[in-house]
Amino acid sequence: MATKLSSPTSVQQEVGGKTLTLETGKLANQAHGSITVTYGETIVLVTAVMSNRPRAEDIDFLPLTVDYEERLYAVGKIPGSFFRREGRPGQEGILASRLTDRSIRPLFPKGLHNDVQITLTILSSDQVNPPEILGMIGASAALSISKIPFNGPVASCRIAYINGEYFVHPTYAQSTESTLSMVVSSSRDAILMVEAGANEVSEEVILEAIDKAQQANNATIDMIEDLARQVGQPKAEVEYDQAAAEAIIAKIKDIVGSGFEDLLSKNPGMYDMDDGEKELSSKVTEALKDDYSKNAIGEGFKSVFREAVRGRILSQHVRSDGRALDQVRPISCDTGILPRTHGTGLFTRGETQVLSIVTVGSLSLKQTLDSVGPDNTKRFMHHYNFPSYSTGEARRAMSPGRREIGHGALAERAILPVLPSEDDFPYAIRIVSECLSSNGSTSMGSVCGSSLSLMDAGIPIKAPVAGIAMGLITGDDGQYAILSDIQGLEDFLGDMDFKVAGTSEGVNALQMDVKTTQLTQAILKEALEQARQGRLHIMGKMNEAISETRSQMSEHAPKMVRLKIKVEKIGALIGPGGRVIRAIIEETGTSINVEDDGSVTIGGVDQGMLDLARSKVDALTRELAIGDIFTGKVVRLTNFGAFVELVPGRDGLIRNGDLGEMEEELKEGQEITVMIREIDSQGRVNLSRRALFGDDSPPAPRPDSGDRGPNRGPGGDRGGPPRDGGRGPGGPGGPGGRGPDGPGGGGRFVGGNRPSGGSR
C-alpha cells in the first residue's frame with residue numbers, strides 16, 4: 001500500500017501566462033502515485049498503480065494501460081445517453097489516452113512486465129483550458145513520485161502558432177484559430193512524441209515550435225523533479241539479468257551463422273522475408289528449447305535479427321527489400337471503382353493497399369459530441385478500419401480499437417484543412433478507409449486514398465493531400481540513417497515512426513514516436529525535408545490518376561440547397577410540435593436542417609422534390625410583397641369573396657370581382673393561384689386572379705360590398721356584411737373599426753392566428 005502523506009504537498013509555476021499547480025497527498029492516497037493538476041479552473045486527477053508481480057510467467061511485454069475518464073459533471077452536464085451515465089470513452093478520450101501512453105511507454109525499464117495502470121479523471125473543466133495535456137503532465141509526475149520504475153520525468157505541452165507567434169498551453173479558442181496546433185512530449189534532452197494538426201505550415205515553423213515546446217517542457221520537468229525530491233518513494237527493483245541475455249544472444253549468433261546476411265543479400269520482399277525469418281527462428285528454437293524459456297529465446301532472436309537489419313542499413317545504406325534510403329515503393333492509384341458510392345479512391349504502395357469511400361449527407365447528420373470540451377458537433381468524420389485479413393491473419397472481428405481510432409484521427413486532421421467551408425459546401429462528410437493489405441503506414445495510405453475519393457466525389461477541396469511515413473536507424477558511434485516510406489519491419493526494428501501529411505504547399509498533420517534519445521534538431525530537420533520530397537513524389541503519382549476535382553457530384557449523392565431566413569420565421573417553418581416541417585419532409589422525401597441563426601439546408605436526391613421543398617420553405621418564411629404569386633387553399637367563403645391561406649397562419653382576401661371566371665365554381669379546400677395586389681397599412685392582404693393575366697383595373701363595386709367610396713376611413717375599413725370577431729368600435733369609416741354595427745363592421749381579419757371559433 002502507498003505511503004500516506006501527512007499533509008498535501010504542492011509545487012506551482014507560471015506557464016503560458018497561467019499558474020500550473022501539481023499537488024499530491026490530498027486525493028487518492030492508496031494509489032502508488034497520485035497527482036492533482038490544476039490550470040485555470042481545469043483540474044485533472046492522475047493516479048498510477050502497479051501490480052505486485054507479472055500477470056503471467058511467460059509475459060514478454062509491458063502491460064501498460066492508460067484510461068482517460070471524462071466526467072460530464074466537470075462541465076455541469078448530465079450525460080445524454082439512455083442510461084444517463086458515462087460509457088466507453090469517446091474519440092477525444094481515446095486520443096488523449098494514446099497521447100499519454102506514447103509519451104511514457106519508452107521510459108519504462110527493460111524487463112518490467114508488471115501491469116501498470118494510469119487513470120486520468122477530469123474533475124473540473126472550464127472549457128477554456130484543455131485537460132488532456134494536464135493529464136499527460138500528471139501521469140509523468142505520478143510515476144515519478146511512486147515506487148514504479150520509470151526513467152523520467154517527461155513533460156508535455158501544446159503549442160499553437162497564430163499570426164507569427166507561438167503560444168504555450170493555448171486555450172481551445174486559440175487552438176481553433178491557429179495554423180499549427182502541436183503536442184510535444186520530451187525529456188530534458190530528447191523529443192519523445194509529437195502530434196500535430198496544421199494548415200499548410202512550413203517545416204521551419206514546425207521545427208521552431210518543437211524547440212519552444214521543449215523549452216517549456218524543461219520548466220515543467222523542474223517542477224516534477226522538485227516534487228519528487230520532497231515526496232518521492234524508492235523505486236521497485238526490476239528483475240532483468242543482462243548477463244544471461246547477452247549469453248543467449250551469443251549462442252543464437254553461433255546457431256544462425258551467416259543466415260541473416262544470406263537472407264538480406266537477396267533483397268527479399270515482405271513474404272520472402274517472413275518465410276526466411278521463420279525458418280531461422282525455428283532452427284534456433286529447436287537448438288535451445290531444452291535450455292532456455294520460450295520468452296528468452298524470442299527476445300534473443302529479436303535482438304540478433306534487429307542488429308543484422310539495422311547494421312546493413314547503417315553500413316551499406318541498403319534496406320532489407322533492396323531500396324535506397326529515400327526510395328518510395330511502387331505506387332498505383334485508381335478512382336470511381338464502386339458505382340453506387342459518392343466517391344472512391346484506391347491507393348496501393350508496395351504491399352499496403354487502402355480503399356477510401358466518401359459519403360455526403362445532410363448537415364443534420366453531423367456527429368453529436370458528448371464531451372467536456374466546447375465543441376458539440378463534428379461535420380467531417382474519417383473512420384479507419386484494419387481487418388485481420390489485411391495482414392493475412394485470422395482473428396475475431398471486434399469494434400475499432402485505440403490504434404484504429406488514432407490512425408483515423410490522424411488522417412482526419414490531414415484532410416480537414418483542405419475541405420470547403422460549410423457555407424460553400426453545406427454537407428456532412430464521412431470517409432471510411434478500408435485497409436485491404438498492410439505492410440507499413442496504412443494511416444498515410446488512408447490520407448492518400450481519402451484525397452483521391454474526395455476529388456472523385458466532386459467535392460471542391462483546396463488541394464490534394466498526400467502522406468508518408470519516415471523512419472530512423474541510429475548507431476552507437478553517432479551514425480544514423482533516415483528512411484522514407486518505411487515498411488512494417490523497419491517500423492518494428494527502427495528508432496522512429498514519423499508520419500507527415502500535407503499538400504504541395506505545406507504540412508497539415510504529423511505524428512512522431514521515438515524510441516531513442518539520439519534524435520537531434522539537425523536529424524529532425526533532415527527528416528522533414530526528406531519527407532517533403534517523398535510527399536511530393538507520391539502526390540505526383542496521385543495526380544496521374546486524377547489531377548482535378550470532378551466537375552459534378554455523383555448522381556447518387558444528395559443535392560443540397562442552403563438559404564437564410566429571418567430568425568423570427570423559424571417558428572413558422574417548424575410549426576407547432578414540428579408538424580409543418582415534418583409535413584414538408586414527408587411530402588418531398590428531403591431532409592431539412594434549421595440552425596439557430598436562420599440557416600436552412602435542404603437535401604435530396606430528386607431535383608424536382610428538392611425544388612418543391614425549397615419553394616415550400618420559401619413560401620413559409622419570406623416576407624409577403626405586392627406582386628408575389630401564391631398557390632393557396634381556400635379556407636372560407638363569404639358572400640363578398642374568399643379567404644385564401646397563403647402560408648400557415650397568414651391569409652389574404654380575394655373579392656368576387658377579382659376572381660374572374662372562377663367566381664361561380666369556387667369551393668372551400670380548393671387550391672387557387674393568386675397574386676398579392678395590395679398590403680394595407682395594417683398588414684391586411686388583398687389578392688387578385690385578374691392581375692395574373694395583366695388586368696389590374698379595379699373591379700366594379702358590388703351592391704353588397706359596403707361603402708368603398710368617401711366613407712372609407714383612414715383605418716382601411718371597407719364596407720361589407722358584419723362579421724363576428726370584431727375589433728374595436730364600429731362606425732362609418734372609424735379608424736380600425738370592426739364591430740357588428742355600422743358600415744365599418746365589414747372589415748376582415750388578416751394575418752396572425754385566427755380567432756377561436758374560426759372567425760376571421
Side-chain angles (χ1 to χ4, degrees), residues 2 23-24 26-51 55 63-102 104 115-139 142 171-172 175 364-385 396-406 408-409 412 428 430 578 596:
E23 183 180 65
T24 188
K26 185 174 183 179
L27 303 178
N29 287 334
Q30 291 199 58
H32 298 151
S34 173
I35 296 286
T36 303
V37 188
T38 303
Y39 194 72
E41 292 184 343
T42 297
I43 303 173
V44 182
L45 171 65
V46 185
T47 59
V49 179
M50 182 180 72
S51 64
R55 68 173 69 169
L64 170 66
T65 304
V66 179
D67 293 318
Y68 185 85
E69 306 288 350
E70 287 186 307
R71 301 295 191 229
L72 292 189
Y73 56 66
V75 288
K77 291 182 182 178
I78 295 176
S81 66
F82 177 81
F83 296 103
R84 293 295 183 266
R85 70 174 299 162
E86 294 84 0
R88 60 169 292 179
Q91 176 169 304
E92 295 306 313
I94 291 172
L95 295 177
S97 297
R98 280 174 52 83
L99 287 175
T100 303
D101 185 300
R102 290 161 48 207
I104 61 177
D115 283 273
V116 177
Q117 184 179 36
I118 310 296
T119 304
L120 304 88
T121 306
I122 315 305
L123 299 181
S124 174
S125 174
D126 56 15
Q127 297 193 302
V128 174
N129 301 292
E132 64 270 14
I133 304 300
L134 307 187
M136 298 168 71
I137 295 171
T171 64
Y172 280 112
S175 293
S364 62
L365 296 175
K366 288 181 182 179
Q367 182 180 4
T368 300
L369 304 177
D370 204 4
S371 71
V372 300
D375 294 331
N376 297 317
T377 60
K378 189 166 74 168
R379 171 193 173 220
F380 171 55
M381 299 151 279
H382 177 264
H383 296 148
Y384 165 103
N385 294 321
R396 185 161 62 98
M398 302 178 67
S399 59
R402 295 189 174 192
R403 179 182 179 277
E404 286 82 358
I405 297 296
E412 185 174 290
R430 179 185 185 232
D596 292 340

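Scope of the values below: all heavy atoms of this structure, side chains included, with no hydrogens, waters or symmetry mates.
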Next item on the list: Give, for atom CD1 of Ile43 and atom CG of Asp126, the distance between the pair rounded to the nearest 0.5 Å.
Entry: 9.0 Å

Item checked: Approximate separation, where rounding is to 0.5 Å, of Glu69 CD and Thr47 OG1 -> 9.5 Å

Notebook entry, point to check: CG/Leu99 to CD1/Ile104 distance, rounded to the nearest 0.5 angstrom?
Noted result: 11.5 Å

Check: Rounded to the nearest 0.5 Å, how far does NE2 of His383 lie from CZ of Arg430?
Finding: 5.5 Å

Margin query: Keeping Thr42 on the side-chain end and Pro131 on the backbone end, is there a donor-acceptor pair under 3.5 Å?
Written below: no

Item checked: Member of Asp67, Leu120, Leu64 meeting the side chain to side chain contact (heavy atoms under 4.5 Å, CB included) criterion with Thr100 -> Leu120

Notebook entry, point to check: Any side-chain heavy-atom pair from Lys378 and Gln91 closer than 4.5 angstrom?
Noted result: yes

Checklist line | Backbone of His382 reached by a side-chain donor or acceptor of Glu412 within 3.5 Å | finding: yes

Notebook entry, point to check: Would a distance-only check, ignoring hydrogens and angles, find a side-chain to backbone donor-acceptor pair under 3.5 Å from Thr171 to Val128?
Noted result: no

Next item on the list: For Pro79 and Leu72, work out which heavy atoms get closest and say how close.
Entry: CA-CD1, 3.6 Å

Checklist line | Closest non-hydrogen atom pair between Val75 and Ser371, with its separation | finding: CG2-O, 4.5 Å

Check: How long is the span from the CZ atom in Arg98 to the CD atom in Glu132, to the nearest 0.5 Å?
Finding: 14.5 Å

Checklist line | CD/Glu41: more than 12 non-hydrogen atoms of other groups inside 6.0 Å | finding: no

Margin query: Could you measure the distance from the CD1 atom of Ile78 to the CD atom of Glu86? Nearest 0.5 Å is fine.
Written below: 10.5 Å

Note to self: Using side-chain heavy atoms (C-beta onward) and a distance below 4.5 Å, is Leu95 in contact with Tyr68?
What the structure shows: no

Note to self: Quick check: closest heavy atoms across Ile94 and Arg88, and the distance to 0.1 Å?
What the structure shows: CD1-NH2, 3.9 Å

Item checked: Closest non-hydrogen atom pair, Val372 against Tyr172 -> O-OH, 4.4 Å

Margin query: Ignoring hydrogens, what is the shortest heavy-atom contact between Lys366 and Thr377? Give both atom names and the distance.
Written below: CD-OG1, 4.0 Å

Check: Within the distance-only criterion (no hydrogens, no angle test), does the side chain of Ser34 pair as donor or acceptor with the backbone N or O of Leu27 below 3.5 angstrom?
Finding: yes

Notebook entry, point to check: Quick one: does Asn376's side chain get under 4.5 Å of Leu369's, heavy atoms only?
Noted result: no

Check: Taking the side chain as C-beta and beyond, is there a heavy-atom pair between Thr119 and Val46 under 4.5 Å?
Finding: no

Notebook entry, point to check: Looking only at heavy atoms, which two atoms of Arg403 and Tyr384 are closest? And how far apart?
Noted result: NH1-OH, 3.3 Å

